[in-house]
Amino acid sequence: MTEPIRIVVPDIGDFESVDVVEVLVSAGEHVDVEAGLITLESDKASMEVPSTHSGVVLEVAVSLGDKVSEGDLIAVLDPGDESHPDQRAERPRHPHAPPEAPGATSGADAAPEAPAKEQPSAAEAATPSPSSAPKEVDADVLVLGAGPGGYTAAFRAADLGRRVVLVEPHANLGGVCLNVGCIPSKALLHAARVVDEAAEFAAHGIDFGAPAIDRAKLGRWKDGVVGQLTGGLAQLAQRRRVEVVRGHGRFTGPHEVAVEDGDGGRRTLSFGQAIVAVGSRPAMIPGLPEGDPRIWDSTDALELDPEFEPGGRLLVIGGGIIGLEMATVYAALGYRVTVVELLPELLTGVDRDLVRPLQRRLGARLENVHLATQVTSVKAQKNGLMVSMEGENAPGTGLFGRVLVAVGRRPNSDRFGAEAAGVHVDEQGFVPVDDQQRTNVPHIFAIGDLVPGPMLAHKATHEGKVAAEVAAGEKSGFEARVIPSVAYTDPEVAWVGLTETEAREKGTPYEKGTFPWGASGRALTLGRSEGLTKLLFDPGTGRVIGAGIVGVNAGDLIAEAALAIEMNADAADLALTVHPHPTLSETVAFAAEAYEGTITDLYLPRRGKR
């Protein structure tokens with residue numbers, strides 16, 4: 001008779017006495033490998049503890065509300081014929097997953113599908129003849145980089161039965177976005193919004209007085225938000241049995257990566273397939289004083305330098321999304337902020353009617369905004385940084401306590417050993433891929449900031465899933481029609497699909513419907529009536545082909561328009577969808593009604609229903 005198997009609480013990190021919030025099995029029930037047994041919840045995350053074996057549950061040793069720690073007994077199983085602790089049950093396909101390719105098999109023996117389309121000729125020309133994969137490898141799928149695209153790819157590949165190694169040089173998973181980008185910046189932007197809203201309500205009878213800002217405490221809160229998310233990723237990797245290797249990885253051949261850790265140690269890993277997700281880094285401008293800590297990139301700006309006191313002058317070089325977000329934060333925290341932009345407009349390429357409300361608000365909060373202005377030199381002095389500028393309305397020179405360079409980002413294509421693997425890199429530093437995310441080397445995929453297209457985390461996560469699914473033999477491809485963009489300034493600016501600027505440049509015919517937030521009850525109750533929602537339509541079909549929103553929470557509202565474009569929705573689909581009232585979301589329906597000529601919340605010249 002097979003001995004009963006005792007299932008215990010696995011390594012759950014630094015947590016002890018974690019609450020059992022759900023018991024998922026009962027005595028007499030049959031469970032499969034990795035079927036959930038219980039759900040645990042701490043103050044930072046929740047996790048489902050899976051079974052390491054299949055069998056019949058003889059005893060459940062925990063109850064709802066119990067507290068457990070690593071090693072505590074969860075259940076006792078009669079394994080029957082199941083005796084190997086690492087045996088994985090074949091996983092059912094997700095009901096909405098793409099259909100398998102004809103002849104493809106699922107699980108670890110699935111062969112990767114051939115590319116759906118040819119690689120660019122330049123990429124083909126650079127392709128060497130890679131050696132075949134070794135019979136024994138350290139990973140079925142090796143992922144370089146643990147940002148949103150990388151960890152998504154790793155987790156998806158593991159869910160599809162692949163043995164995955166995730167190589168990441170930093171201490172925490174999450175990459176730039178979670179650690180020094182999207183998440184910490186949004187935490188500080190929320191703090192800035194709280195400060196501004198409190199000050200603005202003095203005019204409405206609620207006066208809190210001048211804020212007392214403890215920057216050290218604010219920084220600890222921001223870091224705590226980051227830690228909660230990155231800690232959750234570590235648990236998810238552990239749950240999926242993704243091996244995380246710390247160190248900087250570079251290809252040394254078509255099927256090998258050398259990983260060097262911070263202590264000089266070196267390890268070589270072999271793989272069957274690889275997904276490169278090494279991201280990007282801030283671009284810098286030449287001629288700046290080297291090594292001066294007063295010259296920042298976006299990562300430095302998020303650290304809230306304790307030696308830079310409120311009231312100090314900050315120069316932001318670059319009027320794009322990152323520069324304006326950081327300008328918003330520092331202005332709210334009490335700094336005198338100047339923005340310099342080389343081009344004649346902020347947020348170049350975004351429709352001017354969306355940018356104008358933001359530019360007006362920034363004009364009232366920032367010390368200066370200089371457009372069509374070039375920074376010609378930055379000289380380090382003991383009392384600050386002396387900056388020279390040229391432009392029609394440029395001040396000539398100015399002394400600043402800190403200078404933030406926010407002129408864009410560049411892909412890390414020079415940092416993963418592309419040449420050794422035979423991976424083609426184009427003249428702009430991007431790695432060309434097909435719609436399955438394959439590079440010119442068929443078993444190596446690339447995703448995220450490394451490949452052409454907008455450098456956005458939400459694009460990278462979708463690409464990561466595609467790469468992982470193709471690597472596992474699934475039929476998958478990156479087929480998104482549109483990718484929304486958001487500037488998390490105050491007000492936020494969001495757009496998706498065709499813009500009016502682009503339509504005019506290309507001569508693309510369009511019609512539009514707009515709704516000013518001055519007629520939105522919800523916007524008025526928020527004291528933020530400067531916003532605007534507009535939709536662009538195909539004149540022939542009435543289908544939504546683009547959208548732009550400026551106003552509070554525009555980034556949350558733009559998703560409806562993105563879905564409308566993906567689903568080929570027309571104006572009537574949006575207008576006839578009942579939106580809750582009073583909300584900002586109903587401005588999307590009102591813009592569609594304005595286009596259709598059915599709106600009653602505005603008076604527009606009669607033109608008949610479309």
Side-chain angles (χ1 to χ4, degrees), residues 185-211 213 324-325 327-329 331-333 347 350-351 353-366 484-496 512-535 544 547-564 571 574-596 598-604:
S185 66
K186 302 313 165 283
L188 294 180
L189 282 161
H190 175 66
R193 183 171 167 183
V194 169
V195 171
D196 284 344
E197 285 187 345
E200 288 166 358
F201 253 79
H204 306 305
I206 302 177
D207 191 345
F208 296 95
I213 299 175
L324 296 185
E325 288 182 355
T328 299
V329 168
L333 295 181
L347 295 179
V350 182
D351 291 344
D353 55 351
L354 300 180
V355 177
R356 276 194 294 271
L358 169 63
Q359 194 158 347
R360 283 196 296 268
R361 189 171 173 88
L362 289 176
R365 283 161 173 71
L366 304 186
S485 295
V486 183
Y488 294 92
T489 46
D490 188 14
E492 293 181 2
V493 182
W495 61 99
V496 65
K512 69 177 178 178
T514 62
F515 185 82
W517 285 20
S520 163
R522 183 58 175 152
L524 291 171
T525 63
L526 294 172
R528 298 299 297 271
S529 61
E530 75 274 19
L532 172 75
T533 298
K534 72 173 178 180
L535 300 172
V544 185
I549 305 175
V550 56
V552 176
N553 296 340
D556 296 319
L557 303 177
I558 201 66
E560 181 178 1
L563 178 61
L574 291 176
L576 296 177
T577 297
V578 179
H579 289 67
H581 172 81
T583 62
L584 297 176
S585 67
E586 65 187 341
T587 66
V588 177
F590 290 154
E593 289 182 351
Y595 171 74
E596 286 221 300
T598 61
I599 190 166
T600 56
D601 286 71
L602 292 175
Y603 177 75
L604 299 176

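A 4.5 Å side-chain heavy-atom check between V552 and P491 finds every atom pair outside the cut-off. Between S185 and V329, every side-chain heavy-atom pair lies at or beyond the 4.5 Å cut-off.
Tested against D490, the residues R360, R361, K186, R193 include a single salt bridge (Lys or Arg N to Asp or Glu O under 4.0 Å) partner, R361.
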Worksheet entry | Check against side-chain contact (heavy atoms from CB on, under 4.5 Å), L358 and L347 | CA-CA 10 Å; L358 169 63; L347 295 179; 3.9 Å; yes
Worksheet item: Can you list the steps and then say if D601 with E586 is a side-chain contact (heavy atoms from CB on, under 4.5 Å)?
Response: CA-CA 11 Å; D601 286 71; E586 65 187 341; over 6 Å; no
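Here the shortest heavy-atom pairing between A547 and A561 reads CB-CB, 3.4 Å. Across all non-hydrogen atoms, the minimal contact from G518 to L524 is O-CD1, 3.7 Å. Nearest heavy-atom pair, A202 versus D207, reported as atom, atom and distance to 0.1 Å: CB-CG, 3.9 Å. Nearest heavy atom pair, residue L324 against residue T328, reads O-OG1, 2.8 Å. The two residues A332 and A192 come nearest to each other via the heavy atoms CB-CB, 3.4 Å. What you find for T533 and A591 is that their closest heavy atoms are O-CB, 3.8 Å.
For A523, the side chain to side chain contact (heavy atoms under 4.5 Å, CB included) criterion is met by W517, S520, L584, not counting sequence neighbours. Every ring pair (Phe, Tyr, Trp, His ring centres under 6.0 Å) that H204 has, sequence neighbours left out, goes to F201. Looking at residues two or more places apart in sequence or on another chain, you find no salt bridge (Lys or Arg N to Asp or Glu O under 4.0 Å) involving E560.
Here the OG1-CG distance, from T514 to D353, works out to 8.0 Å after rounding to the nearest 0.5 Å. Distance check: E197 CD to F208 CZ gives 10.0 Å after rounding to the nearest 0.5 Å. Interatomic distance, N553 CG to I558 CD1, rounded to the nearest 0.5 Å: 12.5 Å. Between atom OG1 of residue T600 and atom CD of residue E593 there is a gap of 6.0 Å, rounded to the nearest 0.5 Å. A distance of 12.0 Å separates CD1 in I549 from CH2 in W495, rounded to the nearest 0.5 Å. For the atom pair CD1 (I599) and CZ (F590), the distance works out to 6.5 Å, reported to the nearest 0.5 Å.
Comment: D196 does not engage R528 in a salt bridge, judged by the lack of any side-chain N to carboxylate O separation of less than 4.0 angstrom.
For the pair H579 (side chain) and T577 (backbone), a donor-acceptor distance under 3.5 Å is present.
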